[in-house]
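In what follows, a structure is listed as structure tokens, so that the remarks can point back to it.
Order of listing sets the numbers, starting from 1, for every ligand and every atom in it. Just the heavy atoms: all of them, side chains too, but no hydrogens, waters or symmetry mates, feed the values below.
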Amino acid sequence: MPETIRKDLAAHLQRLDVEGMPSEWFATKQSTERTASLPEETRPVTLAPQSDSAELEAPADLGFPPSEMSALTYDELREMALGCRRCRLCEGRNMVVFGDGKIVRPLIVFVGEGPGAEEDKRGLPFVGRAGELFTGAITKGMGLRREDVYICNVVKCRPPENRTPLPDEAAACTPYLYRQLELLRPRVIITLGQPAQLAICGIDKGITKVRGQWHEFHGIKVMPTLHPAYLLRNPAAKKDFWSDLQMVMDELGLKRPPA
Ligand code: URA
């Protein structure tokens with residue numbers, strides 16, 4: 001893109017930013033251009049059949065309490081989740097939404113709340129309306145691809161009417177989440193919304209009080225932030241969400257989009 005147009009566009013986007021719109025989500029720069037500026041280790045790679053990785057079979061000891069899932073490989077864990085009947089959510093599900101993305105040492109694992117209708121239909125996390133916004137933030141904002149990160153939820157089956165998972169449902173499902181994190185060993189976990197913040201950080205406070213500050217989960221850095229569905233209802237809060245993502249980008253050495 002010619003420099004003059006790039007500067008005009010940047011200035012325009014910055015104005016949007018001032019009005020509370022994280023301009024980077026609407027940036028027109030090609031993602032390949034952004035990708036080229038990523039540090040070597042963060043550049044997208046073509047994913048081979050990932051479960052063959054020896055790394056995955058022998059995770060570091062992150063001090064997770066042992067559970068019946070502790071010895072399971074990623075594929076075995078997924079298999080177990082697909083047939084899970086540990087709580088009532090299995091009765092209404094169409095598909096188990098286990099997780100999606102890079103399973104060999106992803107830079108980031110995003111943890112949402114639970115599948116919605118579209119996710120339940122397709123078996124993939126964040127593919128509905130909130131997912132569209134979320135995917136835009138990853139690709140246009142952070143300059144990554146969905147397949148460069150890993151995305152999952154606190155509960156793997158859709159709660160009826162998209163209600164918040166009940167404490168016993170979350171408790172039944174978190175062993176899957178914890179084993180996923182133990183196997184994946186991401187550099188950073190980003191929790192999206194209150195149930196994920198509670199499951200990972202153990203903090204039962206309003207998300208607006210907790211977001212934007214670093215926490216830790218078994219030696220992995222955690223950034224709690226807002227849920228994309230909340231951003232659909234409160235677009236002004238995108239600014240806070242974007243600010244949290246930028247803190248993560250800084251931590252990971254990902255280049256910020258030009259201002
Ligand atoms: N909301 C979530 O928390 N997770 C999804 O996968 C979709 C919507």
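Residue Glu161 places its CD atom among 12 or fewer non-hydrogen atoms of other residues, nucleotides or ligands, all under 6.0 Å distant. Annotation: Arg78, atom CZ; neighbour count of heavy atoms from other residues, nucleotides and ligands within 6.0 Å does not exceed 12.
The shell of residues lying under 4.0 angstrom from ligand 1, judged by heavy atoms, excludes Glu118. Distances from ligand 1 to the non-hydrogen atoms of Ala229 include no value under 4.0 Å.
Between Leu181 and Ile220, the shortest heavy-atom distance links the atoms O-CD1, 4.4 Å.
Although no hydrogens or angles enter the test, the distance criterion places no donor-acceptor pair under 3.5 Å between the side chain of His215 and the main chain of Val222. Proximity of a side-chain donor or acceptor of Ser70 to a complementary backbone N or O of Ser67 within less than 3.5 Å is detected.
The protein non-hydrogen atom at the shortest distance from atom 4 (N) of ligand 1 is Asn153 OD1, 2.7 Å. For atom 2 (C) of ligand 1, the closest heavy atom belonging to the protein is Gly114 O, 3.0 Å.
Listed by number with element, the atoms of ligand 1 under 4.0 angstrom from any heavy atom of Pro125 are 6 (O). Each of the following atoms of ligand 1 lies closer than 4.0 Å to a heavy atom of His227: 1 (N), 2 (C), 3 (O). Shown in contact with Gly112 at under 4.0 Å from a heavy atom are these atoms of ligand 1, numbered in order with element: 3 (O). Less than 4.0 angstrom separates some heavy atom of Glu113 from each of these atoms of ligand 1: 2 (C), 3 (O).
Taking any N or O of Ala130, backbone or side chain, none lies under 3.5 Å from an N or O belonging to ligand 1.
Leu72 is not listed as a side-chain neighbour of Tyr176, based on a closest heavy-atom distance of 4.5 Å or more.
Between Phe110 and Phe134, the distance from one ring center to the other falls under 6.0 angstrom.
Residue contacts with ligand 1, taken as heavy atom pairs separated by less than 4.0 Å, involve Glu119 solely via side-chain atoms from C-beta onward.
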